[in-house]
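Please read the structure below before turning to the comments.
Just so it is clear: chains get the letters A, B, ... in the order the sequence lines come, proteins before strands, and each one is counted from 1.
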Protein chains: 2
Amino acid sequence: MAIAAQEIPEGAKLKPLPRVRLELVDVFGRMAQALSFPRSVGEIYGLLYLAPKPMSAPEISEALSISKGSVSTGTRQLLTLGFIRKVWLQEERKDYFEAVLELGNMVRTAYDQIFKVRAQNAERRLTDVTDTLADEKAELSPGEYALIKERLARLTKLQKRAKQFMPLLERLIK
Amino acid sequence: MAIAAQEIPEGAKLKPLPRVRLELVDVFGRMAQALSFPRSVGEIYGLLYLAPKPMSAPEISEALSISKGSVSTGTRQLLTLGFIRKVWLQEERKDYFEAVLELGNMVRTAYDQIFKVRAQNAERRLTDVTDTLADEKAELSPGEYALIKERLARLTKLQKRAKQFMPLLERLIK
DNA sequence: CAGTTTGTTCAATTTAAATTGAACAAACTT
DNA sequence: AAGTTTGTTCAATTTAAATTGAACAAACTG
């Protein structure tokens with residue numbers, strides 16, 4: 001059945017969400033913000049997490065009162081992170097989305113994509129700073145040079161320790 | 001103009017920072033942003049980290065070209081987190097600040113103040129949602145009720161696992 | 001074919017957060 | 001005493017990020 005017009009008229013308002021679902025939308029919205037994701041991204045996940053069946057982009061847009069532009073970018077981010085997946089419903093042309101419930105996966109992907117990347121950036125930038133120090137040696141007093149060198153060495157050491165620590169963390173979450 | 005001091009004329013421009021220091025200011029500024037702290041907070045820490053001696057608020061303000069309001073709020077945050085400390089220099093009236101170099105401490109405090117608090121909030125909010133579900137049971141179809149209940153149970157389970165996991169994490173960073 | 005619907009992209013707008021700067025109090029100096 | 005300097009607070013402003021909405025392309029329908 002190709003979405004029979006009698007059953008689900010296209011323009012009709014969907015029935016309002018139960019309070020539990022609204023509340024979880026809010027919880028995930030705030031959580032997203034705390035993790036410096038756009039609130040709307042968290043809300044979309046929160047909506048899908050308690051959805052009895054996959055939801056289309058227009059449905060999400062209406063349920064959360066957010067624009068389809070935001071739904072499009074939000075779902076893209078969530079797909080990239082592996083927090084939701086696309087499901088191909090019957091003969092439908094629309095994309096349907098459902099939440100990935102195995103939150104363990106999520107943590108893993110998020111870790112790889114966010115934490116690991118940031119750690120690598122930090123490492124690279126620290127190397128750059130150390131290079132600058134070498135370049136600038138002549139212009140610095142011996143005392144200041146020594147002090148900066150020692151402190152950068154501390155940072156590098158810490159960075160190395162963090163790096164060693166990562167595989168352990170990986171084992172714990174994988 | 002009463003500006004006395006032969007040695008350190010009050011209004012004088014401090015000599016410009018060496019490039020290494022500017023670069024580290026930038027590195028910590030960006031890092032702060034990534035961790036959703038104000039950039040200026042990271043910059044202050046980056047400045048102090050390579051400072052040969054403690055710096056006063058006005059010095060920080062001038063070196064980073066940020067207002068004294070920002071220096072005041074920024075140093076307060078860093079003090080609270082244990083990232084910097086006040087030092088009482090000679091007879092001076094001004095506050096002087098220096099970076100806490102033992103970054104291990106920092107990680108610990110940050111963990112306690114940020115991660116732990118957030119975990120507790122998340123726990124409380126999840127309980128609230130579960131309560132709402134109970135309240136709303138009558139208004140939901142049995143199928144939907146069961147589904148939501150099961151999914152909230154999943155979340156609670158995850159939350160419990162995360163909680164158990166925390167002491168382990170604590171041992172690792174402490 | 002023209003007309004819908006879906007979904008993406010991006011410029012314009014809105015919103016939230018950081019930053020400034022002015023007002024003020026406190027601790028000094030002359 | 002009056003005048004400096006330091007540091008805090010908070011309302012006003014600036015800045016950065018999220019969101020919208022319009023333009024567009026793609027995939028369909030009658």
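- Within 4.0 Å (heavy atoms only), A:T75 reaches no atom of the nucleic acid at all.
- Not one N or O on the side chain of B:Q159 forms a donor-acceptor pair closer than 3.5 Å with the backbone of B:L126.
- For C:dT8, one of the phosphate oxygens OP1 or OP2 lies less than 4.0 angstrom from a side-chain nitrogen or oxygen of A:S72.
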Take B:R21 and A:T132, measure what side-chain contact (heavy atoms from CB on, under 4.5 Å) needs, and give me the verdict at the end. CA-CA 9 Å; B:R21 293 191 59 189; A:T132 301; over 6 Å; no
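- Pair check for C:dT15 finds D:dA16; Watson-Crick or G-U wobble, both atom distances under 3.5 Å.
- Regarding A:L64, its CG atom lies at a distance of 17 Å from the P atom of D:dA18, rounded to whole Å.
- With a 4.5 Å cut-off on side-chain heavy atoms, A:Y96 and A:S56 count as touching.
- Between A:L140 and B:V20 the shortest side-chain heavy-atom distance falls below 4.5 Å.
- Distances shown here put every side-chain N or O of B:K68 at or beyond 4.0 Å from the OP1 or OP2 atom of D:dG7.
- Per the geometry, OH belonging to A:Y96 stands 14 Å off P belonging to C:dT5, to the nearest Å.
- Considering only the side chain of A:R39, D:dT19 comes nearest among D:dT19, C:dT19, C:dT6.
- B:R30 has its CZ atom 17 Å from the C1' atom of C:dA18, to the nearest Å.
- When distances are taken from the side chain of B:P58 to each of D:dG7, C:dT20, D:dT19, the shortest belongs to D:dG7.
- If you run side-chain hydrogen bond (donor to acceptor under 3.5 Å, both in side chains) between B:N121 and each of B:R124, B:E123, B:R118, only B:R124 comes through.
- As rounded to whole Å, 17 Å separates atom P of C:dA17 from atom CG of B:L35.
- Rounded to an integer number of Å, the gap from CD of B:E62 to P of D:dG7 is 15 Å.
- Across the protein-nucleic acid pair, B:I60 atom CD1 and C:dT19 atom C1' stand 16 Å apart, rounded to whole Å.
- Between A:R76 and C:dT9 there is a side-chain polar atom (N or O) within less than 4.0 angstrom of OP1 or OP2.
- At whole-Å resolution of the value, CD in B:Q77 and C1' in D:dT8 are 14 Å apart.
- The nucleotide whose nearest atom lies closest to any side-chain atom of B:R93 is, among D:dG7, D:dA26, D:dT5, D:dT5.
- Phosphate proximity of C:dT20 to B:S67: present, with a side-chain N or O under 4.0 Å from OP1 or OP2.
- A salt bridge is defined here as a Lys NZ or Arg NE, NH1 or NH2 lying under 4.0 Å from an Asp or Glu carboxylate O, and A:R19 with A:E23 fails to meet this definition.
- Considering only the side chain of B:I66, C:dT20 comes nearest among C:dT20, D:dG7, C:dT8.
- Residue contacts shown for A:S61 are absent, as no nucleic acid heavy atom lies under 4.0 Å away.
- At a threshold of 4.0 angstrom between heavy atoms, the contacts of B:S40 are confined to the sugar-phosphate backbone, with no base atom among them.
- Each of A:K86 and A:Q33 was assigned the nucleotide of DNA chain C with the nearest heavy atom; the assignment lying further toward the 5' end belongs to A:K86.
- One interatomic measurement links the two molecules: NZ of A:K94 to P of C:dT4, which rounds to 17 Å at whole-angstrom precision.
- Checking D:dG7 for Watson-Crick or G-U wobble geometry (two distances, each under 3.5 Å) identifies C:dC24 as its partner.
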